[in-house]
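Here is the structure we will look at.
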Amino acid sequence: MYHELEIPGRPLCRSEAGYSRYVLEETDFRSQMRWLRQAGWRGMSVGEALGLAPQNGEQRHGVVVTFDDGCESDLMAAAPILKDAGYNATFYVTGGFLGQRGYMNPNQLHELSAAGFEIGCHSMTHAYLTDLDEDGLQYEIVQAKAQLEDAVGKAVEHFSCPGGRCDARVIKAAESAGYRSLVHSRIQVNTSTTNPFDLGRLAMLRQTELPAFQEICRGDGLWKIQLREGVRSAAKRVLGNPLYDRGRALLLR
Ligand SMILES: [Zn+2]
């Protein structure tokens, strides 16, 4: 799971520490994709991964590359690097961010989709969905889908939860809206038997060095990251979203 990529000379969409922690430099993303390719991994979109049949009972290994939020760097930096590697990816876009400073506008989104990349939905306003009532879920999940489909002229079938916040109501709303999959950000290796509405991801952080990235792709040492994330999600549950965010902003300052 990637977010914005930093391009030399360009300001980021947001400046707080909690945001830039998830922003990789363009050159680091390029090194990661180069290594993946040289090491023989298949890089793909969510839709491609869901269409893979297990071969002779064996899993075919691949890495699904996703981007959240819909930053302009998706089109300007990520897309050409992925093209060079011959990889597809899924770009989850927040409908309400389209056209804001640093984010793609509808034409750029159309261009990204026309280049062959998969476009998914990352809600309308980036609200934490677990805090919303039914009307709120409709707006964030159903209307955002229609808006993005208008922009790309294709079906948008994959959903990513803002802040990874997800529960049974959110999954049900996404299923009835006609999505084929939902990703959150709990860390797990997804296999052909994983429920497509329970796909885990792992956030790539600014300080993720290449050896750590290689370990992650092989699925080695995930328990260490799971343990760290376990503490974070326990804190989210105990504190609730607003208090958790305030505490996190203080800690990262
Ligand atoms: Zn997001």
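In listed order, ligands and their atoms are each counted from 1. Heavy-atom basis, side chains included; hydrogens, waters and symmetry copies ignored.
Of all protein N/O/S atoms, those under 2.8 Å from the Zn ion (ligand 1) are D69 OD1, H122 NE2, H126 NE2, and waters are not counted.
Among residues at least two apart or in separate chains, salt bridge (Lys or Arg N to Asp or Glu O under 4.0 Å) pairs with a member in residues 5-16 are E6-R206, R10-E72, R14-E16.
Other residues, nucleotides and ligands contribute over 12 non-hydrogen atoms within 6.0 Å of the CZ atom of F213.
Within the 3.5 Å criterion, the main-chain N or O of S113 finds a donor-acceptor partner in the side chain of K154.
Under the rule for a salt bridge (Lys or Arg N to Asp or Glu O under 4.0 Å), the partners of E157 that lie at least two apart in sequence or sit in another chain are R180. Annotation: ring-ring contact (aromatic ring centres under 6.0 Å, His included) contacts of Y103 (sequence neighbours excluded): F97.
Relative orientation of the W41 and W35 rings is tilted, given thresholds of 30° and 60° on the angle between their planes.
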